[in-house]
Amino acid sequence: MAKQFVRFQFKKKIDWGFVSHENVLPLNIGDISTKDLLVGLQKKRIKLNSKSEKPIQKKDVTILSPITAPCQVICQGANYKKHSLESGLDPKSKTYNLFFTKSDVSLTTAIGDIIRPNHVKLLDYEIELGIVFGKDIDLPLDIHSYNPSEYIAALFIANDISARDVQLPQLQWYKGKSYRTFFPAGPILLVLEPGDYELIHSLELNLTVNGQLRQSAKANQMVFPPKESIAELSSFTQIRVGDILLTGTPAGCALKAPGKLKQIFASFLPEHKKWELFIKGQQKRVEYLQPGDVIRATIRTRDGKMDLGEQILQIKQG
């Protein structure tokens, strides 16, 4: 069964711990990287049955991001059909897997604050299932013969926070999604055991804002599932242990593309005028995040066999 780990701070000391019910068993390995943790577990250098460390209650520790920098952050866009529609893309004509990157500078804790930069007005949320690679990929993988469970070491909750008024009008996906605190990760690093890969499709993603359900979907609704996506990635990039893949977000974001008639009308306008109207229209949508809003997000199977914990985030004005 998959095992839960957290990276935490307790009495000014940073460590990793194994989660058991409401307790954290410190591993006494210090503030090592996610890569080093995974390698240590794979090679059995890190023991989970130490009796020299006393368990600590989870409520008494400060949970940190289980994803550490530096790492390569690869993202998938419009990987759920309904999100493609709300983004203005036609799922029938989008026959390609959309990849982009996000800066690891944006990494932050799963329980804490998201800072909205002063110039950003259209701040959006995107719950995503995060995958951590546990094996290097140096050559293209054959989708028909390779075993994805050999390469997927762990899972975690990601929130791909996005400044839509930077990402879209400026065509700046990297910048619009990479401001500091725009990548809450965790709280749990769920390290997979043999047989756990088959349960990924049963994971349920749910996100609320101020108690209102905004996003809800199962991982089996992905257009391009992990096996297919990893095989395609291997054809054009190198993957290292500790690198991550964000597998896309379901429908329910604040962003909603204008209707077809408005898009046709806008196509005749100068570029700057088109985007002025876009921003003006989006500002009418109350779903965009405002200072004081609280986001809660969970990813787990209904039977509880796989549970990635809960993110609790509050929006603060920069």
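From a predicted model like this one, the values you see are computed outputs, not experimental measurements.
Tyr96 pairs by the ring pair (Phe, Tyr, Trp, His ring centres under 6.0 Å) definition with nothing, not counting sequence neighbours. Residues that satisfy the side chain to side chain contact (heavy atoms under 4.5 Å, CB included) test with Asp36, not counting sequence neighbours, are Ile32, Ser33. Every salt bridge (Lys or Arg N to Asp or Glu O under 4.0 Å) that Arg7 has, sequence neighbours left out, goes to Asp31. Residues meeting the ring pair (Phe, Tyr, Trp, His ring centres under 6.0 Å) test with His119, sequence neighbours left out: Tyr179. Every residue two or more places apart in sequence or in another chain that forms a side chain to side chain contact (heavy atoms under 4.5 Å, CB included) with Ala254 is listed here: Asp124, Tyr125, Glu287, Tyr288. Looking at residues two or more places apart in sequence or on another chain, you find a ring pair (Phe, Tyr, Trp, His ring centres under 6.0 Å) between Phe5 and Phe18. Residues passing the salt bridge (Lys or Arg N to Asp or Glu O under 4.0 Å) test with Arg302, sequence neighbours excluded: Glu204. The ring pair (Phe, Tyr, Trp, His ring centres under 6.0 Å) check on Phe99 picks up Phe236, with sequence neighbours excluded. For Lys218, there are no salt bridge (Lys or Arg N to Asp or Glu O under 4.0 Å) partners at least two apart in sequence or on another chain. Taking Glu128 as the reference, nothing meets the salt bridge (Lys or Arg N to Asp or Glu O under 4.0 Å) condition, with sequence neighbours excluded.
Taking 4.5 Å as the limit, every side-chain heavy atom of Asp136 sits out of range of all side-chain heavy atoms of Ile239.
The CD1 atom of Ile161 sits 4.5 Å away from atom CD1 of Ile295, with the distance rounded to the nearest 0.5 Å. Taken to the nearest 0.5 Å, the CD1 atom of Ile152 stands 4.0 Å off from the CD1 atom of Ile230. In this structure, OG1 in Thr68 is found 8.0 Å from CG in Leu107, a value given to the nearest 0.5 Å. In this structure, Leu98 CG and Trp173 CH2 are separated by 5.0 Å, a value rounded to the nearest 0.5 Å.
Here the side chain of Asn159 pairs a donor or acceptor atom with the backbone of Glu126 at under 3.5 angstrom. A donor-acceptor distance shorter than 3.5 angstrom exists from the side chain of Gln215 to the backbone of Ile127, with no hydrogens or angles considered. Looking only at distances, no side-chain donor or acceptor of Asn79 sits under 3.5 Å from a matching main-chain atom of Gln76. In this structure a side-chain-to-backbone donor-acceptor pair under 3.5 Å is present from Ser234 to Ala231. No donor-acceptor distance shorter than 3.5 angstrom exists from the side chain of Asp113 to the backbone of Ile115, with no hydrogens or angles considered. Side-chain atoms of Gln9 do not come within 3.5 Å of backbone N or O of Val61 as any donor-acceptor pair. Judged by distance alone, the side chain of Glu150 and the main-chain N or O of Lys135 form no donor-acceptor pair under 3.5 Å. Of the possible polar contacts, none joining the Thr298 side chain to the Glu310 backbone as a donor-acceptor pair under 3.5 Å is found. Using modelled atom types, no side-chain atom of Gln282 and backbone atom of Leu122 make a donor-acceptor pair closer than 3.5 Å. The backbone N or O of Leu41 sits nowhere less than 3.5 Å from a side-chain atom of Lys44 that would complete a donor-acceptor pair.
Atom NZ of Lys94 has more than 12 neighbouring heavy atoms from other residues, nucleotides or ligands inside a 6.0 Å radius. Heavy atoms from other residues, nucleotides or ligands lying under 6.0 Å from CZ of Arg180 number 12 at most.
Applying the side-chain hydrogen bond (donor to acceptor under 3.5 Å, both in side chains) test to pairs two or more places apart or on separate chains, those with a residue in residues 99-111 are Lys102-Asp160. The side-chain hydrogen bond (donor to acceptor under 3.5 Å, both in side chains) pairs that include a residue from residues 191-203 are Lys3-Glu193, where partners are two or more places apart or lie in different chains.
A donor-acceptor contact closer than 3.5 angstrom links the side chains of Lys13 and Asn28. Under the 3.5 Å distance criterion, with hydrogens and angles disregarded, a donor-acceptor pair is assigned to the side chains of Arg214 and Gln212.
The cationic group of Lys177 does not satisfy the cation-pi geometry with Phe182, failing either the under 6.0 Å distance to the six-membered ring centre or the 45° limit from the ring axis.
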Would you sort out whether Lys121 and Asp165 count as a salt bridge (Lys or Arg N to Asp or Glu O under 4.0 Å), showing the intermediate values?
CA-CA 7 Å; Lys121 303 301 179 187; Asp165 41 352; over 6 Å; no
Applying side-chain contact (heavy atoms from CB on, under 4.5 Å), run through Tyr151 and Leu141 and close with a yes or a no.
CA-CA 11 Å; Tyr151 296 89; Leu141 300 171; 3.4 Å; yes
Starting from the C-alpha separation in whole Å, work towards a yes-or-no answer on side-chain contact (heavy atoms from CB on, under 4.5 Å) for Leu168 and Phe278.
CA-CA 10 Å; Leu168 300 175; Phe278 169 81; 3.7 Å; yes
